[in-house]
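Following: one structure in structure tokens, then a few remarks.
Starting from 1, each residue takes its place in the sequence as its number.
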Amino acid sequence: MAKSKEKKDIVEKEFMAFPDIAADVINVLLYKGKTVAEAGNLQAGPTEFIYQGSEKLRNEYEDLCKYVLTDDGINLMYLIANQSRPDGKMLLRKAGYTGGAYREQYEKKTKAAYPVIEFVLYWGKARWKGSRDSRQLFRRRKILEETWEYIDELKLHIFEMRYLPEEIRKLFQSDMRIVADYLAEGDSYRSDRPVVHKAALIRMIKVLSGETDIDGVEEWMDKQGIREEDEIRVCELFEQYVRQGREEGEKIGQKQGKRIGEARRLVMDVENAMKFFKVTLEKACEGLGTTMEKYEEAKSLTI
């Protein structure tokens with residue numbers, strides 16, 4: 001389970017790391033499709049923030065960090081987290097991520113101070129019911145209304161990727177449109193959109209569908225004569241991949257059918273020997289050069 005989760009995390013990070021996809025997600029989810037972030041102005045930043053704890057150095061990890069660069073240097077930082085399961089205390093984790101980024105600025109590890117925006121892409125099926133702001137997180141505490149004026153306002157900007165409305169999904173210009181539409185429409189999804197990041201897209205679709213086998217995608221593409229730089233559309237790519245899966249399934253079915261046929265013959269031979277020679281199961285198996293264990297195994301396949 002831990003390995004499959006690790007693979008899923010890696011695939012999601014890989015997909016989001018492409019500048020065109022990162023810029024597209026920022027523009028659509030934060031700015032309603034307005035082109036604010038440009039792929040050429042986004043630079044990958046550190047995803048680990050180290051700070052001094054009470055006794056030793058500690059660290060905070062974020063999935064993706066993108067700097068917005070201008071002629072004057074860093075103008076803004078985006079921190080993007082991928083989340084697969086609801087987390088009622090995600091708001092506190094966010095405070096740790098953004099706090100780590102601001103701490104580095106305070107400790108003069110950067111040339112100048114700049115704002116940090118952190119948001120979460122939630123890929124899970126269950127709807128997100130966790131706290132999205134300070135009041136919701138601390139709602140069970142008996143806090144005077146006057147006190148709230150002095151409590152820092154924390155907000156969790158979270159987007160449920162499986163439940164994005166169609167008007168939002170249509171704003172995506174990158175391969176994220178394919179992912180978002182696939183999550184919304186499932187196996188009925190059909191599109192003639194061109195695919196840019198082919199291997200990464202296939203892996204993303206696979207892990208979001210619950211598959212754990214994500215290895216060998218490049219090898220499959222090589223066998224199909226598909227290169228990353230080639231122009232191919234969603235329908236063509238999916239059709240080839242589904243066809244390959246169908247062919248593999250047929251081969252497995254043929255092997256399984258052959259195995260069942262052999263099992264039936266063994267069971268029939270043993271039982272006929274028992275009836276004809278009026279011997280025990282053990283003797284019949286021994287006479288046919290097999291074992292009772294093999295007979296029982298074959299019998300279970302024919303039930």
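Within a 6.0 Å radius of CD in Glu229, other residues, nucleotides and ligands contribute more than 12 heavy atoms. Atom CZ of Arg141 has 12 or fewer neighbouring heavy atoms from other residues, nucleotides or ligands inside a 6.0 Å radius. The environment of OH in Tyr31 is crowded: more than 12 heavy-atom neighbours from other residues, nucleotides or ligands sit within 6.0 Å. Enclosure of atom CD in Glu185 by more than 12 non-hydrogen atoms of other residues, nucleotides or ligands within 6.0 angstrom is indicated.
Applying the ring pair (Phe, Tyr, Trp, His ring centres under 6.0 Å) test to Tyr122 and every residue at least two apart in sequence or in another chain returns Trp128. When the side-chain contact (heavy atoms from CB on, under 4.5 Å) test is applied to Met268, the partners found at least two apart in sequence or on another chain are Asn272.
The two residues Ile205 and Ser209 come nearest to each other via the heavy atoms O-OG, 2.7 Å. Scanning both residues, Asp215 and Lys7, for their nearest heavy atoms gives OD2-NZ, 3.5 Å. The two residues Cys285 and Tyr295 come nearest to each other via the heavy atoms SG-CB, 3.9 Å. Ala37 and Ile26 make their closest contact through CB-CG2, 3.9 Å (heavy atoms, listed as atom of the first residue, atom of the second, distance). Considering all non-hydrogen atoms of both residues, Ala112 and Gln105 come closest at O-OE1, 4.3 Å. Between Lys8 and Leu208, the closest heavy-atom pair is NZ-CD2, 4.2 Å.
Counting heavy atoms from C-beta on, the side chains of Lys94 and His157 come closer than 4.5 Å. Residues Met16 and Met204 fail the side-chain proximity criterion, which asks for heavy atoms closer than 4.5 Å. By the 4.5 Å heavy-atom criterion applied to side chains, Asn82 and Asp9 are not counted as neighbours.
Atom CE in Met176 sits 12.5 Å away from atom CG in Asn27 (nearest 0.5 Å).
Both Val28 and Phe18 are part of a single hydrophobic cluster, where members link through side-chain heavy atoms under 4.5 Å apart. With hydrophobic clusters built from ILVMFWY side chains whose heavy atoms lie under 4.5 angstrom apart, Trp148 shares a cluster with Leu154.
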Stepwise side-chain hydrogen bond (donor to acceptor under 3.5 Å, both in side chains) check, Tyr182 with Ser191: CA-CA 10 Å; Tyr182 176 78; Ser191 172; over 6 Å; no
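A salt bridge does not link Asp230 with Lys198: every distance from a Lys NZ or Arg NE/NH1/NH2 to an Asp or Glu carboxylate oxygen is 4.0 Å or more. Salt-bridge check for Glu271 with Lys299: passed, with a basic side-chain N closer than 4.0 Å to an acidic carboxylate O. Between Arg169 and Glu167, none of the side-chain N atoms (NZ, or NE/NH1/NH2) sits under 4.0 Å from a carboxylate O, so this pair counts as no salt bridge.
Cation-pi check for Arg203 over Phe15 is not met; the charged atom does not lie both under 6.0 angstrom from the ring centroid and within 45 degrees of its normal.
Results of the side-chain contact (heavy atoms from CB on, under 4.5 Å) test with Phe159 over Val120, Ile168, Leu30, Val25 single out Leu30 as the only residue that passes.
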